[in-house]
2 protein chains.
Amino acid sequence: MARSGKLSSTGDQRENGRQQILDVIRTAGHIARIDIAKATGVSPATVTAITAELLSAGLIEEVAPDTTSEIRRGRPRVALKIRGAAHRIAGLKVAHHTISTVITDFVGKELASHEMPLIKGRMPLPELCAQIRRALEFTCQKGGFVIEDLSGVGLGLAGMVDAERKFVYWSSSLEERNVDLGQALAEVLPCPVFLDNDANLVAKAEHLFGEGRTCDNFIVITIEHGVGMGIVIDGKIYRGKRGCGAEFGHTKVHLEGALCQCGQRGCLEAYVGDYALLREANISSGNERHTSLLSLFKAAENGDAMARSVLDRARRMFAMGLANVVNIFDPSKIILAGARMTFDHLYSDKVIEEMQQWVVHVDAPLPEVIIHDWGDLMWANGAAAYGIEEVTSQTVKEFANAAA
Amino acid sequence: MARSGKLSSTGDQRENGRQQILDVIRTAGHIARIDIAKATGVSPATVTAITAELLSAGLIEEVAPDTTSEIRRGRPRVALKIRGAAHRIAGLKVAHHTISTVITDFVGKELASHEMPLIKGRMPLPELCAQIRRALEFTCQKGGFVIEDLSGVGLGLAGMVDAERKFVYWSSSLEERNVDLGQALAEVLPCPVFLDNDANLVAKAEHLFGEGRTCDNFIVITIEHGVGMGIVIDGKIYRGKRGCGAEFGHTKVHLEGALCQCGQRGCLEAYVGDYALLREANISSGNERHTSLLSLFKAAENGDAMARSVLDRARRMFAMGLANVVNIFDPSKIILAGARMTFDHLYSDKVIEEMQQWVVHVDAPLPEVIIHDWGDLMWANGAAAYGIEEVTSQTVKEFANAAA
DNA sequence: ATGATTTAATTTGAAACTCAAAAAAAACAT
DNA sequence: ATGTTTTTTTTGAGTTTCAAATTAAATCAT
């Protein structure tokens with residue numbers, strides 16, 4: 001057994017309360033004290049006490065009474081909301097050819113964003129740190145402030161990351177392996193940095209701001225070059241022991257199957273990732289050579305049997321992968337999150353339909369599958385969401401010290 | 001966000017403490033108060049207070065001072081342990097041809113066990129209830145007591161079970177689908193019944209008494225006729241939204257693959273379950289007909305190429321499935337639990353070795369894979385473990401009412 | 001033996017929290 | 001104006017935890 005975590009020691013209990021109430025306010029957008037009490041089960045008296053603290057700390061603020069609201073008798077409720085000005089947070093996504101950055105306020109509202117091209121996709125540690133700082137400086141400048149104004153930075157990387165230790169086992173952006181990136185960035189930036197695998201960050205964003213707002217157990221799947229997964233269990237990102245779980249893309253779907261960019265065979269990614277499709281389409285010579293997915297799609301639409309067959313297989317493989325996720329997690333929701341949704345063949349009702357033939361059936365509704373089209377800043381926004389959450393919990397923890 | 005669970009309200013906090021301390025005592029076997037304080041982070045003062053309550057409630061007892069212990073200075077520590085006599089718990093596993101039952105004390109020590117044959121593997125609800133009662137009566141009689149002496153019963157079923165609602169979507173033992181088995185058994189038995197999928201119960205047993213004692217994040221895999229999985233995350237069984245997650249056996253490992261007993265194709269179970277092996281071995285006529293795995297193994301040992309090939313494929317498929325579990329969960333441990341370990345080809349070092357070729361590699365040690373040979377009563381013991389845990393938590397909750 | 005030392009367990013009193021109930025505040029209804 | 005209704009705040013009591021002091025029970029040193 002050995003349940004983890006201690007009994008809440010003194011001072012600790014309040015911390016929970018503050019965290020919980022901040023969470024409720026954030027999810028609700030704005031909410032009156034009485035409703036916080038109802039939502040959390042905490043007594044109104046305690047809600048008053050805790051919100052008073054948060055107010056005086058400047059983390060939340062009262063909303064101007066809503067005159068358009070339906071007229072009710074009694075003392076009008078005054079809603080509370082997160083105070084945007086409390087903190088500025090940056091989110092960065094390091095991709096192969098760009099670093100995209102977004103800066104938001106504490107509410108999550110975008111204040112500035114910037115896309116900075118990268119000459120080299122993979123570079124040594126010091127250079128990556130420098131580029132990250134440069135991207136931040138650019139974006140801050142656009143917003144009219146400086147790096148020192150940031151309370152925290154979230155950073156998303158493709159690769160194997162141990163978020164807790166801020167340690168990168170391997171990333172496609174880094175020449176070195178096993179890098180203490182947290183340490184390295186701490187030396188270059190004036191504010192705390194929080195990093196994680198990029199798919200986990202998207203899951204975080206869905207939980208704070210997206211389709212997972214009202215839900216504590218769901219799976220997020222992203223497909224671009226590779227296939228990513230984020231697992232949210234009981235409201236927390238599940239990362240595994242070493243921090244490198246949720247490697248859905250390298251889940252094996254075929255014994256001795258197609259070669260994956262990771263060097264192994266039979267990975268799901270090797271069937272549904274974009275490079276896999278192009279490779280497959282171009283392998284049989286004689287046909288036109290496809291250089292982009294778009295041309296492949298077009299060919300399929302025009303009745304090209306080979307193109308169709310390639311897309312068909314990808315779709316079936318993906319449906320099978322999704323079914324396995326359902327069979328293993330039985331989640332409340334599955335969110336297919338995409339930045340540009342180029343994968344029409346994968347993000348489609350047909351996939352969801354096909355998935356159902358592979359899942360174990362019981363007489364209870366299947367998990368809802370939601371397709372969420374974020375737009376270009378999805379990854380950076382995910383990183384910002386993580387930054388916001390971490391800064392929040394850090395601030396809440398500092399309360400105790402501040403009081404002393 | 002919407003973190004689940006309320007802020008610990010009054011009276012609730014102590015409940016946590018009691019539960020946590022009981023857990024620590026159970027895991028440790030016997031442990032002195034001072035060490036409980038260290039293990040939990042709770043102050044010695046509070047440990048004294050809580051253990052005093054538990055002592056007077058008869059849930060724990062002091063251990064006679066250990067004279068053989070190494071001599072130390074100072075006041076000798078007096079160890080505490082769970083009081084076996086506090087409760088009697090039964091665990092039942094309904095299998096196809098038998099119901100096996102074990103009755104344990106509150107410590108988990110076996111008091112009696114019984115294997116009752118079943119004429120029909122699948123039967124209507126009332127009959128199953130009657131058989132369960134009969135099995136319990138037999139076993140109680142063997143132990144020299146009656147059903148009324150039991151504080152709780154754990155029950156393991158093959159099939160799709162929602163443990164929380166005590167609801168059976170489908171079970172190979174029941175003719176009906178969607179049965180409120182908890183309700184039905186409550187009418188037939190004088191004590192609370194707790195039921196779950198059998199693999200989950202084995203996971204529970206590993207956590208309480210087995211290889212998962214010191215570990216809060218691990219996966220248990222069982223192979224018999226079918227393939228089962230139990231997921232322990234943060235010390236709790238993960239069951240999914242509808243209670244039917246962890247269906248590892250019906251995870252698809254091959255598009256349009258081998259036919260499974262569930263009616264679908266490509267399930268892992270259809271490659272590694274015992275029926276799958278025999279089917280595969282017997283499909284190519286001309287060879288001797290195998291009626292048991294044993295004869296298949298023998299043939300392979302004697303160099304029969306076909307038999308070897310059948311076992312080889314099963315092993316590779318299983319290794320692949322295991323690798324997928326690692327890729328998704330990155331658990332601290334994987335426990336391969338078996339009752340009779342007839343699956344030498346699967347429960348072997350070779351599988352573990354092969355698995356490594358399919359997992360995503362990082363420079364951190366792989367999850368430990370442990371093979372745990374339980375003996376015949378594994379399933380029933382799992383059910384008993386669940387019963388013990390549920391009775392414990394129920395007793396702890398009743399404390400509050402008792403005090404009032 | 002006897003007192004010093006050491007470690008474990010218990011007691012005590014203060015501080016932190018939460019909550020129910022009462023009070024206050026802020027609106028509408030008549 | 002006065003009453004009603006609903007939200008928020010205040011108040012005071014009751015839990016619970018913990019640090020510090022105390023007591024308990026052993027060994028060690030002489």
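Here the structure is a predicted model, which means the values were calculated and not measured. Protein chains get the first letters and strands the later ones, always in sequence-line order, with residue 1 at the start of each.
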Rounded to whole Å, please give me the gap between CZ in B:Arg14 and P in D:dC18. 10 Å
Could you check whether A:Arg242 makes a cation-pi contact with A:Phe167, meaning its NZ or CZ is under 6.0 Å from the centre of the six-membered ring and within 45° of the ring axis? no
As a test of reading the structure: which of C:dT18, C:dA20, D:dC18 is closest to the side chain of B:Val42, going by heavy atoms? D:dC18
When you check the phosphate oxygens OP1 and OP2 of D:dC18, does a side-chain N or O of B:Thr46 lie under 4.0 Å from one of them? yes
Just the rounded figure in Å: distance from P of D:dT7 to CZ of A:Arg77. 4 Å
Measure from CG on A:Leu80 to C1' on D:dT8 and round the result to the nearest Å. 11 Å
Quiz question: going by heavy-atom distance under 3.5 Å, is there a donor-acceptor pair between the base of D:dT8 and the side chain of A:Arg33? no
Where each residue is assigned the nucleotide of DNA chain D containing its nearest heavy atom, which of B:Pro44 and A:Ala79 is assigned the position nearer the 5′ end? A:Ala79
From CG of B:Asp35 over to P of C:dT7, roughly how many Å is that when rounded to an integer? 14 Å
So what does A:Val47 hit on the nucleic acid, given a heavy-atom distance under 4.0 Å: a base, only sugar-phosphate, or nothing? nothing
Separation of D:dT6 P from A:Ile36 CD1 (nearest whole Å): 20 Å
Measure CZ/B:Arg18 against C1'/D:dT15 and give the value in whole Å, please. 12 Å
Regarding the side chain of B:Ile34, the nearest nucleotide among C:dA9, D:dA19, C:dA20 is C:dA9
Which nucleotide wins on minimum distance to the side chain of B:Thr48, given the candidates D:dT16, C:dT11, C:dT18? C:dT11
What's the CD1-C1' distance between A:Ile60 and D:dT8, to the nearest Å? 14 Å
D:dT8, D:dT16, D:dA26: which one has an atom nearest the side-chain heavy atoms of A:Arg75? D:dT8
State plainly whether the residues A:Lys204 and A:Asp196 are in salt-bridge range, i.e. N to O under 4.0 Å. no
For the pair B:Lys333 (side chain) and B:Glu211 (backbone), establish whether a donor and an acceptor sit closer than 3.5 Å, ignoring hydrogens and angles. yes
Whole-Å gap separating P (D:dC18) and CD (B:Gln13): 8 Å
If you count the non-hydrogen atoms of other residues, nucleotides and ligands that lie under 6.0 Å from CD in A:Gln394, is the total more than 12? yes
Along DNA chain C (nearest heavy atom to each residue), the more 5'-positioned of B:Gly74 and B:Glu62: B:Gly74
Look at the side chain of A:Arg73 and the base of D:dT6, then say whether one donor and one acceptor between them are separated by less than 3.5 Å. no
Does NZ belonging to B:Lys166 count more than 12 external heavy atoms closer than 6.0 Å? yes
